A.B. asks: 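Sharing a structure, written as structure tokens. Questions coming.
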Amino acid sequence: MKNAMLAVVATAFLALSSHPAFAEAHEDTAPGWSLAIHGGAGTLDPDAMTPERRAQYEAGLQEALDAGRAILASGGSAMDAVKAAIVPLEDNPLFNAGRGAVFTWDGVNELDASIMDGRDRSAGAVTGVTTIKNPILLADAVRTESPHVFLMGEGAEEFALEQGYEVTPPEWFATETRRQSLERMKAEEMSALDVDTKFGTVGAVALDQDGNMAAGTSTGGMTGKRWGRIGDAPVIGAGTYADNRSCAVSATGWGEYFIRVGVAQEICTRLRFTHMLAPQVVLEKVASEEKPVEVLVQEISQGIADAVMAEVRELGGDGGVIVVTPEGHALYSFNTSGMYRGRVTSAGVNEVAIFGGDVSASDTPDH
Ligand code: ASP
């Protein structure tokens with residue numbers, strides 16, 4: 001009985017897959033490549049930011065986008081583009097990753113990062129490292145040079161030394177602004193959220209010309225973290241996920257909630273199942289709304305990301321995600337007033353944005 005049901009579903013799926021509307025959604029409109037980045041989400045108030053400060057953030061985001069774009073536009077891999085986009089953000093003291101990371105309760109910059117390749121779902125992650133200049137590169141070395149996925153603290157640093165990484169002194173990571181945040185938090189007995197009001201983690205997701213996707217995330221975590229607290233950023237499935245069958249996601253926000261919802265993988269899984277049912281979904285929507293299929297596919301993907309972020313909100317968490325889809329859509333979804341973000345695609349999109357209403361909901365230039 002069950003097998004008979006499956007056979008019917010499979011036959012229906014095959015029949016619908018050859019429908020022109022589905023073919024259009026999955027072939028004709030696919031841009032060659034796309035990239036989205038974030039530099040953290042949170043309470044961001046345009047009136048509280050000077051034009052100079054805003055320009056610095058935008059320049060930092062644009063530098064990261066340009067680095068990733070150069071790779072994707074010349075036919076390079078999504079993995080290389082993700083790393084190329086994240087390294088300058090880790091080196092930029094404005095963002096909470098690498099240099100400029102927040103301080104733990106004990107006054108240390110403890111760094112987390114993870115990366116995933118959508119081709120084979122290989123993944124690497126590190127947590128609590130204090131001497132690695134670019135943790136995203138070490139996370140990738142865990143992926144490619146070790147039999148493991150996730151290394152912590154001193155062990156991760158021992159592995160780094162064996163791999164030829166240099167020890168970076170703590171002064172490289174420490175910034176006065178972040179130190180003051182820790183001091184204020186302690187003096188005023190504030191929570192990490194009150195003291196930071198924004199997160200600042202960095203991440204990138206990419207689709208390359210071969211149709212491969214990748215995702216990466218890097219952070220200092222949350223100000224004043226203690227007891228070896230680990231957030232979502234280095235947790236595969238929570239802060240980072242990539243699967244060629246569905247999408248690539250990188251998250252930023254209140255990590256505990258992102259772990260509980262399994263945000264990055266949850267979005268990919270819902271998209272994967274939607275792709276399996278896509279012909280039906282697309283045809284039903286085409287029949288009910290007079291919109292181009294390409295726009296409907298984008299709306300469906302955006303709706304899934306928004307629904308998962310709504311779950312984070314329902315539990316009491318906040319933050320945001322960036323997503324790229326196999327069709328080349330580069331999407332954001334956040335439930336905070338702003339998210340440092342940017343996207344660039346072969347379809348001609350090239351933007352950086354900070355506050356909620358800065359850009360249109362669509363990533364398609366004509367819509
Ligand atoms: N998600 C990170 C964490 O919880 C913080 C951030 O996004 O800035 O560690």
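Worth saying up front: this structure is predicted, and the values here are computed from it rather than measured. When a ligand or atom number is given, it counts from 1 through the structure's own listing order.
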A.B. asks: Of Met339, Arg229, Lys225, which has the heavy atom at the shortest distance from atom 3 (C) of ligand 1?
C.D. replies: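 Heavy atom nearest to atom 3 (C) of ligand 1 belongs to Arg229.
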
A.B. asks: Looking at Gly200, which atoms of ligand 1 are within less than 4.0 Å of one of its heavy atoms?
C.D. replies: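 Heavy-atom distances to Gly200 below 4.0 Å select 8 (O).
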
A.B. asks: Kindly indicate whether a cation-pi arrangement holds for Arg341 with Tyr332, taking the cut-offs as under 6.0 Å to the six-membered ring centre and within 45° of the axis.
C.D. replies: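 So Arg341 does make the cation-pi contact.
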
A.B. asks: Using a strict cut-off of 4.0 Å, indicate which atoms of ligand 1 neighbour a heavy atom of Gly221.
C.D. replies: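 Heavy-atom distances to Gly221 below 4.0 Å select 5 (C), 9 (O).
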
A.B. asks: Which atoms of ligand 1 sit under 4.0 Å from any heavy atom of Thr201?
C.D. replies: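 Atoms satisfying the 4.0 Å criterion: 2 (C), 5 (C), 6 (C), 7 (O), 8 (O).
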
A.B. asks: So, does Glu157 use its side chain to make a donor-acceptor pair with the main chain of Thr131 at under 3.5 Å?
C.D. replies: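 Yes, because the side chain of Glu157 sits within donor-acceptor range (under 3.5 Å) of the backbone of Thr131.
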
A.B. asks: Ala233: heavy atom below 4.0 Å from ligand 1, yes or no?
C.D. replies: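 For ligand 1, residue contact (heavy atoms, under 4.0 Å) with Ala233 is absent.
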
A.B. asks: When you measure from the heavy atoms of Gly40 to every atom of ligand 1, does any distance fall below 4.0 Å?
C.D. replies: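 No; Gly40 lies far enough from ligand 1 that no heavy-atom distance drops under 4.0 Å.
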
A.B. asks: Taking the six-membered ring for Trp and the single ring otherwise, decide whether the centroids of Phe95 and Tyr57 are under 6.0 Å apart.
C.D. replies: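 Under 6.0 Å, so yes.
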
A.B. asks: What are the atoms of ligand 1, with element, lying closer than 4.0 Å to any heavy atom of Asp232?
C.D. replies: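 Those qualifying, in numeric order: 1 (N), 2 (C), 3 (C), 4 (O).
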
A.B. asks: Can Lys225 be said to sit on top of Trp105's aromatic six-ring, NZ or CZ under 6.0 Å from centre and within 45° of the ring axis?
C.D. replies: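 No, cation not above the ring by the 6.0 Å, 45° rule.
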
A.B. asks: May I ask you to list the atoms of ligand 1 that are less than 4.0 angstrom from any heavy atom of Thr252?
C.D. replies: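 Numbered from 1, ligand 1 contributes 6 (C), 7 (O), 8 (O).
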
A.B. asks: Answer with yes or no whether the side chains of Ser34 and Thr345 bring together a donor and an acceptor at under 3.5 Å.
C.D. replies: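 Short answer, no.
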
A.B. asks: If you take the nearest heavy atom of each of Gly220, Gly253, Gly231, which one is closest to atom 2 (C) of ligand 1?
C.D. replies: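 Checking each option, the heavy atom nearest atom 2 (C) of ligand 1 is found in Gly253.
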
A.B. asks: Is a side-chain donor-acceptor pair under 3.5 Å present for His38 with Ser250?
C.D. replies: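 Distance-only check passes for Ser250 and His38.
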
A.B. asks: Looking at Val312, Asp232, Ile267, which one forms a side-chain contact (heavy atoms from CB on, under 4.5 Å) with Val261?
C.D. replies: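 That would be Val312.
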
